[in-house]
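What follows is a single structure, written as structure tokens, with notes after it.
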Amino acid sequence: MNEANGNLRDSSGAAVRPPIAWALTVAAGLALDWLYALPLLPAAMPAGELGGIVFLAGLALLIWAAATFRRAGTQVQLSRPTTTIVDEGPYRFTRNPIYIGMFLGLIGLAIAFDSLWLIILLVPFYLVIRYGVVAREEAYLERKFGDVYLAYKARIRRWL
């Protein structure tokens, strides 16, 4: 089924899979850094340790969010149907904890690798996620869950 013939798929129709967008962003940032390094931090800063902490915080948030989805019996994959609105765990604070975890992961890698390129590429990554994924997810959830999703959306911020 597809939207072209009037039948809506039971998925968000996201433009890209976020993990692939994230991996491509990391690869592009590291390649640019290899070609032309743009340092981010002073040399005396313990970049590896600090970056590792930020990266692990992002990974922990992402894992917590995915585990919360699984406990609720719904899908993490965007190509699969969402079965319920999850408002527990990190979803009590933000509607997009998985993407915030990805952003933190990118920031952590930027710090650890001392790469301004990864920070610069955070902007296009954000735009792809915001407009190619989140906007489509929100429209899908409004169509599928109506007032239940609108009430959740009114209570919980998109980001923080």
What pairs with Arg155 under salt bridge (Lys or Arg N to Asp or Glu O under 4.0 Å), at least two apart in sequence or on another chain? Asp87

Residues forming a salt bridge (Lys or Arg N to Asp or Glu O under 4.0 Å) with Arg158, sequence neighbours excluded: Glu138

Should [X] and [Y] be counted in the same cluster of Ile, Leu, Val, Met, Phe, Trp and Tyr side chains packed under 4.5 Å apart?
| X | Y | answer |
| --- | --- | --- |
| Ile107 | Val123 | yes |
| Leu160 | Ile156 | yes |
| Val26 | Leu127 | yes |
| Leu24 | Phe125 | no |

List in chain and number order the residues that pass side-chain contact (heavy atoms from CB on, under 4.5 Å) with [X], two or more places apart in sequence or in another chain; answer none if no residue qualifies.
| X | result |
| --- | --- |
| Ser115 | Asp33, Phe113, Trp117, Leu118 |
| Leu50 | Met45, Ile111 |
| Ala66 | Arg70, Val76 |
| Pro124 | Leu121 |

Suppose the criterion is salt bridge (charged side-chain N to carboxylate O under 4.0 Å, His left out): which pairs have a residue in residues 12-23, not counting sequence neighbours?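 Applying salt bridge (charged side-chain N to carboxylate O under 4.0 Å, His left out) to every pair that reaches into residues 12-23, excluding sequence neighbours, yields nothing.
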
For residues [X] and [Y], report the shortest heavy-atom separation together with the two atoms involved.
| X | Y | value |
| --- | --- | --- |
| Ala112 | Gly52 | CB-N, 4.5 Å |
| Ala110 | Leu40 | O-CD2, 3.7 Å |
| Tyr99 | Pro18 | CE2-CG, 3.6 Å |
| Pro39 | Leu116 | O-CB, 4.0 Å |
| Thr74 | Pro81 | OG1-O, 4.3 Å |

Looking at residues at least two apart in the chain, or sitting in another chain, which of them share a side-chain hydrogen bond (donor to acceptor under 3.5 Å, both in side chains) with Ser79?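 Scan of Ser79 (side-chain hydrogen bond (donor to acceptor under 3.5 Å, both in side chains), adjacent residues dropped) gives none.
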
Working to the nearest 0.5 Å, report the span between [atom1] of [X] and [atom2] of [Y].
| X | Y | atom1 | atom2 | result |
| --- | --- | --- | --- | --- |
| Gln77 | Ser12 | CD | OG | 11.5 Å |
| Ile129 | Thr25 | CD1 | OG1 | 8.0 Å |
| Thr94 | Ile100 | OG1 | CD1 | 3.5 Å |
| Leu122 | Leu109 | CG | CG | 11.0 Å |
| Leu56 | Leu61 | CG | CG | 12.5 Å |
| Leu150 | Glu142 | CG | CD | 4.5 Å |

Fellow cluster residues of Trp34, listed by chain then number, with links counted only when side-chain atoms sit under 4.5 Å apart: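 Same cluster as Trp34: Leu35.
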
With clusters built from Ile, Leu, Val, Met, Phe, Trp and Tyr whose side-chain heavy atoms come within less than 4.5 Å, directly or transitively, what are the remaining members of the cluster of Ile53, listed by chain and number?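 None; Ile53 is a cluster of one.
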
Does any N or O in the side chain of Arg136 come within less than 3.5 Å of the main-chain N or O of Val133, such that one atom is a donor and the other an acceptor? no

Any side-chain heavy atom of Met102 sitting closer than 4.5 Å to one from Leu62? yes

Are the side chains of Glu137 and Asn96 in touch, meaning some heavy atoms are under 4.5 Å apart?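 Result yes, sub-4.5 Å side-chain heavy-atom pair found.
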
Considering only residues two or more places apart or on different chains, which pairs with a residue in residues 50-97 satisfy ring-ring contact (aromatic ring centres under 6.0 Å, His included)? Phe69-Tyr91

Return each pair, listed once, that meets ring-ring contact (aromatic ring centres under 6.0 Å, His included) where at least one residue sits in residues 132-160; pairs must be two or more places apart or across chains. Phe103-Trp159, Tyr126-Trp159

